Each structure stands twice: as structure tokens, then as C-alpha cells.
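Below: the structure, in C-alpha cells.
Chain letters run A, B, ... following the sequence lines, proteins first, then strands; residues in each count from 1. These numbers were taken from a predicted model, which means no experiment stands behind them.
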Amino acid sequence: MLDIRLIREKPDFVRERLATRGGGEEAKIDIVLQIDAERRKSETELQRLQAERNRLSKEIGAKRAKKEPSDELEAQVRKIGEEIVDLTKRAGEAEEKQKNLLLEIPNLPHAKAPIGKNADANVVVRSWGEKPKLAGEVRDHVALGTNLKLFDLERAAKISGSGFICFTGAGAKLERALIQFMLDLHTREHGYREISPPFLVRRECMIGTTQLPKFEEDMYGLENGELFLAPTAEVPVTNFHREEILAIVDLPKKFVAYTPCFRREAGSAGRETRGIIRVHQFDKIELVKITTAESSYEELESLTSNAERVLQLLGLHYRVVELCTGDVGFGSAKTYDIEVWSPGQKAYLEVSSCSNFEDFQARRMNLRYKDADGKNKFAHTLNGSGLALPRLFAALIESYQQPDGSIALPEILLPYFGSAKIDKVD
RNA sequence: GGUGAGGUGGCUGAGUGGUCGAAAGCAGCGCUUUGCUAAAGCGCCGUACCUGUCAAAGGGUACCGAGGGUUCGAAUCCCUCCCUCACCGCCA
């Protein structure tokens, strides 16, 4: 949520930054300003009347104490009371309207973000490693996985419909090994605290991390829209400290969580849907940070490199892309996507999206910290996958496939997986 | 699911219709005294919003779990809901 005071004081600046997203959101600014002016007018008048009522009520109390008549004053206050009822309703409505509108205005992209309409304008900021030189026929993860029975998409569909994965045998074990490997890496070497959160989250939390109200059709809801299946651990973990005031000495907070993620993927039918690349349920390791305004961009760099480390240790080629203004997510000011190379797709697959939301989410969830001067400030929140599993799984088996159809796993997984290769159905 | 107890400021905890945004204590901050430490004394010390201003000071309103109601006036009375704790039942 943008700060209404910023909108009030620098409307041109806000409009200009929003316009770089190319979504026409800047048109909402005039409406917000108009509602804000109305709201404040009713509020000021309301408060004037309340002050008057308080004053007269005290007089009535004083008169009664002295056993003097107070009928006239009481009639006066009764009349003010009626006006207050009316104005309270009007002020309340204006506030509600303003809040709802503010919830639908996206964050301002960072001042230095590359300007552009869509993903074509994203900028590759670095890449690591090289595309693997594979001997013989290059198979994609579906062929490899089917052959070695690492997952079973047809039976998953029998259970849950299309867009679900059922890992089996060595595939299930590899999934588990990767989870354990990543959790150990982030907790032991990168200093994150492990959280195992609930997967069902309340509506307020979904609003807090910006999945709602705009993207409700992409979410799985239960209990009449009061609970949702979390589409990412970002939701439960970032909201962990919602409505709190943290001590500055406790910042940054760094959390890592392993959870399944549930997404309807409405409207993305046919896009990148082959195999296990885009599904309704997938596992993910998520990194979340809560920090100060001063340090959030530094923390974004380190968070991104913490996620990259997973690919480096697994020896997978990837690149890091900075998203342009037209491609950054609704709540984000700045985002790096980490894209792993998939030999099977002959394409880079997004396995992590590392974002700094600045105070956009914190304002929605009223998450603050007390700064060095004892003043309460909205925290800055960040998150990124570290990493998303099915795509990592796909890139891994494709990159390490052998001419005979087996998979030679990177050494670092040995203690987690228990053997160096997958060469037969288990 | 049932029964009972309870939700007041960073914490503990008073307050049962009027001058209560709320006693007191603890913690925190500042000052004084003091050889150091300690202790004592004095003062300050919630949040949001509106207004005001270059900025402030200042003024005002709201908030005692949430939402309604009664009343001239509600932390206080009434209703509904939520949450926490304890015990019972059921259950992975």
C-alpha cells in the first residue's frame, strides 16, 4: 500500500512512477485524492462535533452534581448526536473507499529499474556457469522422469486432475534430498531461521502480502473465502510478525521455510505447461527477510546471492535478470529473477523471484520497528525462493543426464540422496 | 463439540456510568546527588488520525479483544462474534 501522504504531497511523482508499469494505474491517483479530500472534510467536521459533545456532556455532569437543571443542554447534545451518527457513517464510507482503492494500486518501481513494457525489456545482470555439453540425444525431464519412474503425471491426474505431480520412488527421494539440502544450506551457512508454518492462511494475511484483493481468482479459497491455501510461504512467513513493533536490534529477521504452494494458475492454460514446469501444487523453499529502510537493498543483494548459491553448489548454469518496470510484481519495487538453464526446454526457467517490497507490504500488515530515535517506522520486507522445486528438479535431471538415460547426481547431494546416480527404476 | 475463567499501555495490574487515555509498580529515557559500582530523588515516557507549520510547537478526535446497542455521556451496562487459558469428550 502506498502512503496516502506521499500521494497527497507528490502526486506527479507518484503518477510518473506508476506510469512506468504501463498498466494505467496512475489514473487512480486523481480518484484517491478526491476521496481523500472528502474523507478529511467529513472527519474534521465530525471531530469538531465530537469535541462539542464532550464539552457539553461534561457541563451536564457538573450541573447534575450541583443538582442544577440540565434539560436544555441535554436536548442540544441529543441533536449533535444525530449529526454525529450521520457524519460517522459518511466518514466511515469514505475511509473504506479510500482503503479499498489504495489496496489496488501497485507499488512504485525502483527509480533505477529498467523501463519497459514486458519481459523483453528485462536486463540480464549476470550469469553463472555454462550450458552443459551433453553427449548423445538430449532428453527432457518428462522423458527422463517417465523412463526412470521419478514421477507419474497420469496417475497424479487420476488423483487430482491435470497440473499435479506425483513424485515416485527415487524421484520422491530426490525431492526430499533437495529440500533437506537447501534447508541445511540456508540455516547453517546463510543464517536463516527455519519456520514450518501453517499452509492455510487467513484473508488478512493474503491482503498483507498483496495476493488479495487483486488476484483472488488465482488462489484456492476455503471456508467462504476466510481461509486460503498459501500460494507461497511468503504469505505465512512474512505475516509472522504482522501488527507488531519490532526492536531495531532484532533486525534483520531472516526466515527460511519449506512448504507446498497452491496456485490455480487461472488463465495460464497452455503456457509452459509441459511436464512439471507449471503445476497447481509444488514444493518450495522460501527466504524471507524483515529489515529496515536503510538496509533493504543490501539485503536484497544478499538474499539473491543466497538463492543463487543453491544452483552454484549443484553446478547448474543460470542467469540473473532484473525485471523491468512493466514486469515487476504488484507489490515489488525491485525484483531479480533467477533463471536456471533447462537443456530439455532449451530455455531458462524461473526458479526464484527475489523482491524488495520496501514498506509496501508492511504498511498493509502494520508491521513496524522502533528506530534508533524511538520512532515507529514501517519495516521493509523481502522474499525470494531458495528455490522452487519442480523446475529445479527438471533442470537438474536434464543437466546431469547420461547418454544411457541414467542421471549422475552432483556430489553435494550424495549425503542427502544416498547414492551418486539414478540408473534404474526403484 | 461441552464446561469454566479471562482479554486494559512494552510488562504486571487497579478501575464497574461523568473531570479516566486510564491509578500503582516494573522496564525504558533524561537530569540531580555521588570516588566507582550500586542506591536515592525529580521529571519524561502508548498508538493512529485530523488540524496547524517551511519544519515544529500547539489544538482536537478516536482507541481499554472486535462489532453493534442503551445513554446527554460507556473501559465500566446489554447483545453478538473472535481469541487465549484450563478441564472434559472425540480424534491423527
Side-chain angles (χ1 to χ4, degrees), chain A residues 1-10 13 32-103 196-208 222-228 236 239-251 253 260 290 359 361-379:
Chain A
M1 197 155 67
L2 295 178
D3 184 357
I4 183 63
R5 272 174 293 192
L6 177 69
I7 298 176
R8 210 144 66 199
E9 282 156 28
K10 298 178 178 171
F13 167 75
V32 173
L33 285 172
Q34 193 196 327
I35 294 169
D36 182 52
E38 284 166 23
R39 190 201 104 237
R40 283 187 296 156
K41 201 174 144 221
S42 332
E43 213 163 285
T44 307
E45 176 63 9
L46 171 64
Q47 293 185 358
R48 211 206 88 228
L49 289 173
Q50 285 171 325
E52 183 75 358
R53 176 174 70 181
N54 289 346
R55 195 176 62 78
L56 293 176
S57 288
K58 275 183 190 172
E59 260 182 62
I60 292 170
K63 276 194 192 290
R64 287 209 178 170
K66 286 188 268 176
K67 301 221 158 61
E68 290 174 14
S70 56
D71 305 11
E72 218 172 288
L73 281 174
E74 285 178 34
Q76 218 176 321
V77 175
R78 205 172 288 126
K79 191 153 161 273
I80 292 175
E82 285 163 23
E83 288 179 66
I84 285 177
V85 167
D86 189 55
L87 262 173
T88 303
K89 192 162 161 258
R90 258 200 290 163
E93 281 166 0
E95 195 189 336
E96 185 75 9
K97 234 159 90 182
Q98 174 171 327
K99 199 179 132 214
N100 289 340
L101 195 55
L102 281 175
L103 285 177
S196 181
F199 308 152
L200 290 179
V201 295
R202 308 171 64 134
R203 185 171 202 92
E204 299 93 277
C205 293
M206 293 284 275
I207 291 171
L222 294 84
E223 303 281 344
N224 274 328
E226 284 309 303
L227 281 176
F228 293 84
N239 279 285
F240 188 76
H241 286 296
R242 83 191 321 269
E243 285 159 43
E244 291 185 30
I245 300 174
L246 303 172
I248 193 166
V249 294
D250 294 331
L251 301 180
K253 295 265 184 189
I290 301 171
D359 64 4
Q361 293 183 326
R363 205 177 287 283
R364 289 173 164 236
M365 59 177 83
N366 203 17
L367 166 58
R368 293 171 294 174
Y369 67 96
K370 218 171 255 304
D371 75 6
D373 300 325
K375 295 200 72 167
N376 295 334
K377 293 174 79 171
F378 287 110

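Nucleotides C81(B) and U3(B) have their P atoms positioned 13 Å apart, rounded to a whole Å. Spacing between G25(B) and G65(B) at atom P, rounded to whole Å, works out to 23 Å. Here the separation of U12(B) from G6(B), taken at their C1' atoms, is 16 Å to the nearest Å.
Look at Arg40(A) and you'll find a side-chain N or O under 4.0 angstrom from OP1 or OP2 of U51(B). For A48(B), one of the phosphate oxygens OP1 or OP2 lies less than 4.0 angstrom from a side-chain nitrogen or oxygen of Arg368(A). Considering only side-chain N and O atoms, Arg5(A) lies under 4.0 angstrom from the phosphate OP1 or OP2 of C49(B). Checking the phosphate oxygens (OP1, OP2) of G46(B), no side-chain nitrogen or oxygen of Asn376(A) falls inside 4.0 Å.
C63(B): Watson-Crick or G-U partner is G46(B), with both key distances under 3.5 Å. Using the Watson-Crick or G-U wobble rule with both distances under 3.5 Å, A40(B) pairs with U32(B).
Among the atoms of the strands shown, none is found under 4.0 Å from any heavy atom of Arg363(A). Within the 4.0 angstrom heavy-atom criterion, no nucleotide atom of any strand lies near Arg55(A). Backbone-only contact: Arg39(A) has heavy atoms under 4.0 Å from sugar-phosphate atoms and none from a base.
Across the protein-nucleic acid pair, Leu46(A) atom CG and A48(B) atom C1' stand 15 Å apart, rounded to whole Å. Rounding to whole angstrom units, CD of residue Glu244(A) and P of G9(B) are separated by 15 Å. Between the CZ atom of Arg53(A) and the P atom of U61(B) there is a distance of 11 Å, given to the nearest Å. Separating the CZ atom of Phe378(A) from the P atom of U47(B) is a distance of 13 Å, rounded to the nearest angstrom.
No option in Gln34(A), Arg40(A), Arg39(A), Glu38(A) other than Arg39(A) meets the side chain to side chain contact (heavy atoms under 4.5 Å, CB included) test with Gln98(A).
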